[in-house]
Amino acid sequence: MKGIFALFKGLWITLKHNVKNVAHNTFTVQYPDEKRDLPPRARWALRLQRHEDGLERCIACQLCAAICPSEAIYIEGGENPLDNPVSKGERYAAVWMWDAARCIYCGFCVEACPDEVIVMSDVYELATDSREKLIWDKDRLFVPPGVQPRQAWLGYYRRAEDLDGKPLEFPARLHEKEMEYARAKEEPKKFEEKKEFMFLEGEYEELIKKENRT
Amino acid sequence: MSGQPLLIFAAKAVGILAVVLTAATYATWAERRVAAWIQDRIGPNKTGPFGLLQPIADVLKLFFKEEIVPAPVDPVLHFITPGIIMVGVIAATALIPFAENLTLADPPVGVLLLLGISALSGYSVILAGMASRTKYSLFGSLRAAAQVISYEIPMALAIASVVLMAGSLSLVDIVKAQSHLPFAITQPVAFIIYLIAVFAETNRAPFDLPEAESELVGGYHTEYSSMRFAWFFAGEYAHVVIASALITTFFLGGWYGPGPDGVWWFAIKTLFFVYFFLWVRWTYPRTRYDQLMKFAWKVLIPLGLLNILITALIKIWG
Amino acid sequence: MTLTAVIFTIFALLGLWGALVVLFAKRPVYNALGLLLNFVSLAAMYIMLNAPFLGVIQIIVYSGAIVVFFLFVIMILNLRDPLTDMDLSFKGLAAFIMMIATLSLLGVYLYVIKLPSWKLGPEGSPARLGELLLTDYLIPFELASLLLLVAIVIAVVIGKKGEEQ
């Protein structure tokens with residue numbers, strides 16, 4: 001008798017889910033149409049920054065290429081022509097190549113860079129149909145003049161003042177959809193606990209303060 | 001043919017067949033959407049509005065796929081088996097009374113003919129497994145053979161009590177006997193037995209042992225590809241549609257309903273049972289083989305016999 | 001020759017072909033399928049001879065169950081082994097069953113040939129058939145049931161014997 005009741009209970013549960021999802025699906029992100037915001041620490045494709053006047057920041061010091069554990073960066077330096085400068089230093093990068101297939105996205109190059117050139121952006125759609133296309137050259141790596149690429153927050157080993165005083169904008173939460181669902185069910189705690197890799201509201205600011213003090 | 005002009009009869013036949021086959025095709029779409037909904041997903045929704053063109057895209061894809069016939073198969077049996085399943089389904093379509101004036105054939109032994117057709121359609125599964133010469137297919141068809149034989153009996157017993165109630169073996173008469181009260185209410189035990197047995201007959205979860213993906217790869221249709229596979233797939237869903245139509249006919253009073261009677265009542269009830277098939281599939285886990293057999297022989301058949309006995313006694317003295 | 005006669009002839013030839021397949025095909029699956037073809041065409045002939053009930057029962061019982069059982073057995077047997085490897089230790093029991101079956105069939109036969117000729121109406125309705133089976137033909141009907149019961153009991157006995165060893 002209990003078993004028969006359980007049969008109907010099972011049917012009732014699936015029916016509830018069915019009806020709920022016909023009306024409104026809270027979980028699925030329809031990827032090419034909708035995109036999730038990445039967490040602040042997500043490190044994806046390298047991008048190279050420019051100065052505000054449009055000159056390239058890179059001075060071809062080769063530090064990033066030297067530290068790169070997987071040798072994904074290749075740089076050829078060149079004398080900076082004085083009449084038509086490309087960068088603000090004596091040298092500039094004549095060739096800057098980054099191999100997306102070799103890169104392990106560790107972020108060491110960002111650490112090593114003395115001139116705030118390299119950032120790890122949120123460009124994560126790297127799939128192509130040939131290996132050659134995975135090697136990015138200067139044209140793809142340098143952002144257009146006047147564009148500020150989104151920077152991955154490498155919080156633990158990067159100081160707030162290194163960001164040129166610009167406030168780092170927090171992207172929306174990865175689990176916003178889950179949170180929405182949890183709030184609707186009034187059990188947000190379950191989902192809060194899951195996000196150990198994320199920072200909660202205010203935690204980031206506190207960490208910055210702590211780091212400034214030390 | 002009951003004296004109709006041949007042309008009208010042919011038009012009716014083609015029309016009904018088209019409707020049933022379209023329903024079977026869209027049952028695949030419904031299966032995927034319902035499964036997704038039950039599992040908190042969305043399902044195919046990109047091809048056309050609500051993904052409604054998805055089955056057509058699937059058929060086109062399967063049509064242009066390369067067909068692989070493994071070397072050790074029995075070529076003749078491998079070739080003809082996908083057809084058998086469709087023959088059974090199409091033959092059953094002819095007997096279903098959709099509405100008062102929309103029945104292709106109403107032979108005096110319609111119920112028995114239907115049972116015979118459903119018995120024959122089991123051959124496609126059995127022969128497909130034997131022709132493939134693979135262990136997975138063989139196990140699938142072994143299970144199918146035992147399952148079809150075992151569940152045919154409770155199904156026939158359930159129908160027998162309906163026949164006792166209606167006093168006729170004609171499907172139209174059975175529906176007409178339910179004009180006031182459907183047999184689902186007057187014969188609840190037979191209704192439940194039939195419902196369970198029909199799940200085993202159509203090889204649907206929780207009784208889908210002949211094609212249990214997790215243990216038998218694809219069961220009897222492991223070695224079929226391209227359009228051949230599509231025939232099996234379409235056959236399964238057409239079988240689901242036909243089975244739902246038969247439940248409607250036997251137990252829910254066919255075209256009768258509250259308000260104006262007509263083919264729409266039949267359609268609504270049938271669609272509900274098609275949904276019920278999907279709903280049950282995505283709710284219950286697969287039963288074990290010995291449980292399946294025990295359930296047929298030790299529960300359903302005695303229950304069915306008892307039900308017939310009580311029905312007959314009530315018929316005599318009631 | 002009318003259309004009905006043509007169709008009847010086609011079914012007759014199909015049934016004959018099926019019977020020949022049963023006899024001469026080398027692979028057991030084809031033997032079983034030949035039997036199926038024979039049964040189905042026989043059913044079609046019954047239906048054309050105004051006995052639809054008999055025809056449909058022929059399909060349900062013989063094609064739907066018996067041949068499926070044959071196929072089932074063929075699947076279970078490992079067909080690469082020659083059939084002579086079969087264990088024949090229950091030979092005596094088998095002979096006994098055969099004797100009982102033959103005697104019972106003989107009794108039924110003797111009874112039936114003394115009966116008046118087949119009285120089924122031209123429409124071959126199930127109701128009339130049931131009535132006849134439970135009145136005029138009651139004793140052969142019950143004898144046949146008894147025969148089946150004996151077969152079932154013997155099958156169970158043989159199955160049990162194998163289990164004990």
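In the text below, chain A, chain B and the rest are named by the order of the sequence lines, each starting its count at 1.
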Handout entry: chain B contact via C:F69 - which portion, at a heavy-atom distance below 4.5 Å
Key = both

Practice task
Side chain from CB out, backbone as N, CA, C, O: work out which of these in C:V67 comes under 4.5 Å of a heavy atom of chain B, or both, or neither.
Solution key: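 Backbone plus side chain of C:V67, per the 4.5 Å heavy-atom cut-off to chain B.
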
[X] [atom1]: over 12 foreign heavy atoms closer than 6.0 Å:
X	atom1	value
B:F232	CZ	yes
B:F199	CZ	yes
C:F39	CZ	yes

Handout entry: B:Y151: partners by ring pair (Phe, Tyr, Trp, His ring centres under 6.0 Å), with sequence neighbours left out
Key = B:F207

Problem - Contact class of B:A156 relative to chain C, heavy atoms under 4.5 angstrom - result: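 When you check distances to chain C, no heavy atom of B:A156 falls under 4.5 Å.
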
Handout entry: Atom pair CG (C:L36) and CG (B:L127), whose distance is rounded to the nearest 0.5 Å
Key = 8.0 Å

Problem - Euclidean distance, B:L115 CG relative to C:I59 CD1, rounded to 0.5 Å - result: 11.5 Å

Handout entry: Partner residues of B:R204 under the salt bridge (charged side-chain N to carboxylate O under 4.0 Å, His left out) criterion, sequence neighbours left out
Key =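 Testing B:R204 for salt bridge (charged side-chain N to carboxylate O under 4.0 Å, His left out), a comparison that skips the adjacent residues, returns B:E31, B:E236.
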
Practice task
Of all the heavy-atom pairs spanning B:I126 and C:V68, show the shortest one and how long it is.
Solution key: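 Looking at all heavy atoms of both residues, the shortest contact is CD1-CG1, 3.7 Å.
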
